[in-house]
There are 2 protein chains.
Amino acid sequence: MSASPELDAYDRAILAILQRDNTTPQRVIGERVNLSAPAVQRRIRRMEETGVIRANVALVDPARVGHPITIFVEVEVESERAELIDAAKRGFAAVPEVQQCYYVTGEADFILVVTVASMADYEALTRRLFFADNNVKRFRTFVAMDRVKVGLEVSLA
Amino acid sequence: MSASPELDAYDRAILAILQRDNTTPQRVIGERVNLSAPAVQRRIRRMEETGVIRANVALVDPARVGHPITIFVEVEVESERAELIDAAKRGFAAVPEVQQCYYVTGEADFILVVTVASMADYEALTRRLFFADNNVKRFRTFVAMDRVKVGLEVSLA
DNA sequence: GGTGAAATTTAGAACCC
DNA sequence: GGGTTCTAAATTTCACC
């Protein structure tokens, strides 16, 4: 997945369609962007191989699979020693309830997005994840009341 | 998309596969979960109709489409009057750089995930989005240094 | 990048547990 | 109600121009 830099207008148009529905037939995509189906296919294939398209996935509604609550958590650590940070990354990433985890600059060190079945579950999770970890200095909780805009990897302009 | 009741172990197993790669042929899925392809197909169809599967999409790498920088933003508003909150929701959701937007409880009112081409672009965005909005009291910026775990809608245990 | 045909997959109907 | 087998339609895939 090395060089494949420039995406032209065709690629962008194709991506915009696939980001909304990647089951759209190549023939239909071709009609919309004025290309033949095989041409569309070659471009998709290339973008997959070069990593522009990271994955093709089904998006599952958290509430429908037992995770009705979404919570943002800011985590501040005691020490930013590389080994400890790496350990924290691995630890957070391994937790199923942790849907997203970013290592950030600013007033916090990590931002997590977790989904849980109940606040009791969240409370239990914080105990396992934060209170049991000596390197966690502090964390702040933000419970989502409304999922105004949900994340794909990136939405194109 | 009314009642959709309980997902059994087959449904969960199918979802787990589709969340990693929804181009997996139904025949292959059937082999892995010990079901015939049509049975798999009916279950997928039903989960799509009932909203368990929200969408089938291609995940695009932000860095490869000109958005190498990911930033979390906590936004605090002056007034939480319903009209103002709704206006803010609509405003945030309409901005392409805003990949995710949640209305939350806690020390902030909104949490945004934005992706931009450069810090200059982010600075320009903050001007448009926050400084120009009288109802924004304060915002805090967290620049992502490492995308430890990236978000799908939800990852199953 | 386009056109064609082959191979695979998906969609549907009839049948059985 | 759900699963299986079979058939038909659509799509993906690969030749070649």
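Here is how names work: the chains are called A, B, and so on, in the same order as the sequence lines, proteins then strands, and each is numbered from 1.
The heavy-atom pair separating A/D11 from A/E6 by the smallest distance is OD2-O, 4.4 Å. Residues A/K149 and B/V98 come closest through the heavy atom pair NZ-O, 2.9 Å.
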Review item, nucleotides 1-5 of chain D N/O atoms under 3.5 Å of protein N/O:
| unit_1 | atom_1 | unit_2 | atom_2 | d |
| --- | --- | --- | --- | --- |
| D/dG3 | OP1 | B/R43 | NE | 3.4 |
| D/dG3 | OP1 | B/R43 | NH2 | 2.7 |
| D/dG3 | N7 | B/R42 | NH1 | 3.3 |
| D/dG3 | N7 | B/R42 | NH2 | 3.4 |
| D/dT4 | OP2 | B/S36 | N | 2.7 |
| D/dT4 | OP2 | B/S36 | OG | 2.9 |
| D/dT4 | O4 | B/R42 | NH2 | 2.6 |

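The pair A/D133-A/R128 fails the salt-bridge criterion, with no side-chain N (NZ, NE, NH1 or NH2) lying under 4.0 Å from an Asp/Glu carboxylate O.
Counting only heavy atoms from C-beta on, A/R45 has its side chain closest to D/dC14 among D/dT12, C/dG12, D/dC14. Among D/dT12, C/dG12, C/dT10, the nucleotide with an atom closest to any side-chain atom of B/Q26 is C/dT10.
Nucleotide D/dT13 holds its P atom 12 Å from the CD1 atom of A/I29, rounded to whole Å. Rounded to an integer number of Å, the gap from CG of A/L18 to C1' of D/dT12 is 14 Å. To the nearest angstrom, C1' of D/dT11 lies 16 Å from CG of B/N56.
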Problem set entry | Trace of the side-chain hydrogen bond (donor to acceptor under 3.5 Å, both in side chains) decision for A/N22 with B/N56 | CA-CA 6 Å; A/N22 72 352; B/N56 288 285; 5.4 Å; no
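Contact of the B/L112 side chain with the B/F72 side chain is not registered, since no non-hydrogen atoms from C-beta on lie closer than 4.5 Å.
Applying the salt bridge (Lys or Arg N to Asp or Glu O under 4.0 Å) rule to pairs touching residues 135-146 of chain B yields A/K89-B/D146, A/E107-B/R140, B/E74-B/R140, B/E76-B/K137, B/E76-B/R138, sequence neighbours excluded.
Residue-level contact check: B/Q41 touches the bases, meaning some heavy atom is under 4.0 Å from a base atom.
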